[in-house]
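Reading through the structure tokens given below for one structure.
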Amino acid sequence: MSDTPCCDKPAGRGRRPDPRKREAIIEAAAALFVSHGYHITMDAIAAEAGVSKQTIYNLFSTKEDLFGAVIADRGERVFGVLSRPPADAGPEEVLRQVGRQFLALVAGGPAICVQRMMVMAGSDPAVTRRYYENGPRRALTLLATYLRQETEKGRLAVPDPDMAAEAFLGMLNGHMQMRTLMGLQSEWPEEYLRRKAEFAVETFLRAYAVSPA
């Protein structure tokens, strides 16, 4: 079946989208992208979510938009704290939370399946760009902005937040990402992930701590 809207009656103008339907669509799409690849049809996603295909198109203009929203949703669960840090949380606590949640995400099967899917979809630049813009690039931007703000507050001393953000995420990914993507290891002990997160945070803070007056 075609993945373009044609027959269903569009929603009334000015009607606020039901957030529960949007969440159901995101969750259904995430599960089907992982299990069946990017070429899963919008009809299948609609059936899994329990909505009409037109409801999906009322929220997402194209499948590329929906895919980007899925990636952004997963990233928000990890990096959302950077744009809304608790008032009493310092850089060490925030970075430790990001580190642990990031490693839990990338060590999980679904995230690896999506990354492998992007490697295989390299011939479709529109799809890979959506993945990069809504995933890795957004993570770098949020982290760099947070580091810049913490430096302005005098709690960190980061001269180049963009490079520092890339270095922090690089320490978290490390060789683990390569081994997982290549299928050499599919499970990672909790203790290893904890130590890896702690090492990245401690190393990063030693490099960018504010010097005593």
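Keep in mind that what you see is a predicted model, and the values were worked out from it rather than measured.
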Pair S52, Q54: side-chain N/O donor-acceptor within cut-off below 3.5 Å:
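There is no such pair between these side chains.
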
Using side-chain heavy atoms (C-beta onward) and a distance below 4.5 Å, is [X] in contact with [Y]?
X	Y	value
F168	T203	no
D65	R130	yes
T55	K21	yes
P91	Y146	yes
M176	Y192	yes
Y208	T151	no
E27	D73	yes
L66	M42	yes

Within a radius of less than 6.0 Å around [atom1] of [X], do more than 12 heavy atoms belonging to other residues, nucleotides or ligands occur?
X	atom1	answer
R77	CZ	yes
E187	CD	no
E166	CD	no
R137	CZ	no
R148	CZ	yes
R22	CZ	no

Give the ring-plane orientation class for Y131 versus F67, where under 30° counts as parallel, over 60° as perpendicular and anything between as tilted.
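Correct class here is tilted.
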
Would you say V201 ends up clustered with W188 if hydrophobic residues are merged whenever their side chains have heavy atoms under 4.5 Å apart, either directly or through other cluster members?
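Yes; tracing contacts between hydrophobic side chains, which count when under 4.5 Å, links both residues.
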
Determine, using the 4.5 Å side-chain heavy-atom cutoff (strictly less than), whether Y132 and V78 are members of one ILVMFWY cluster.
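Looking at the clustering, V78 is in a separate group from Y132.
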
For [X] versus [Y], what's the shortest heavy-atom pair and its separation?
X	Y	answer
D162	A144	OD1-CB, 3.4 Å
A197	G99	CB-C, 4.0 Å
V94	A89	CG2-CB, 3.9 Å
K63	F33	CG-CZ, 4.2 Å
F60	A69	CE2-CB, 3.5 Å
A30	R74	CB-NH2, 3.6 Å

Check step by step if side-chain contact (heavy atoms from CB on, under 4.5 Å) holds for E64 and R129.
CA-CA 10 Å; E64 288 85 357; R129 180 168 292 278; over 6 Å; no

Out of L156, L82, L95, which residue meets the side chain to side chain contact (heavy atoms under 4.5 Å, CB included) rule with E150?
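With E150 as partner, side chain to side chain contact (heavy atoms under 4.5 Å, CB included) holds for just one option, L156.
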
Identify which one of V106, L103, L193 satisfies the side chain to side chain contact (heavy atoms under 4.5 Å, CB included) criterion when paired with L172.
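The option that passes is L103.
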
Are E76 and R84 within salt-bridge range, i.e. N to O under 4.0 Å?
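Salt bridge between E76 and R84, a charged N being under 4.0 Å from a carboxylate O: yes.
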
Under 4.0 Å between a Lys/Arg side-chain N and an Asp/Glu carboxylate O for E92 and R96?
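Salt bridge present between E92 and R96.
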
Any chance you could lay out the side-chain contact (heavy atoms from CB on, under 4.5 Å) test for F79 and L140, step after step, and finish with the verdict?
CA-CA 9 Å; F79 298 101; L140 281 172; over 6 Å; no

Stepwise, does the side-chain contact (heavy atoms from CB on, under 4.5 Å) test hold for V98 with L143?
CA-CA 9 Å; V98 169; L143 182 53; 5.7 Å; no

I need the R155 CZ to L147 CG distance, nearest 0.5 Å.
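So the gap between those two atoms works out to 12.0 Å.
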
Working to the nearest 0.5 Å, report the span between CD of Q149 and OG of S83.
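The CD atom of Q149 sits 9.0 Å away from the OG atom of S83.
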
Run the salt bridge (Lys or Arg N to Asp or Glu O under 4.0 Å) check on E190 and R194 step by step: do they pass?
CA-CA 6 Å; E190 288 292 329; R194 186 196 66 77; over 6 Å; no

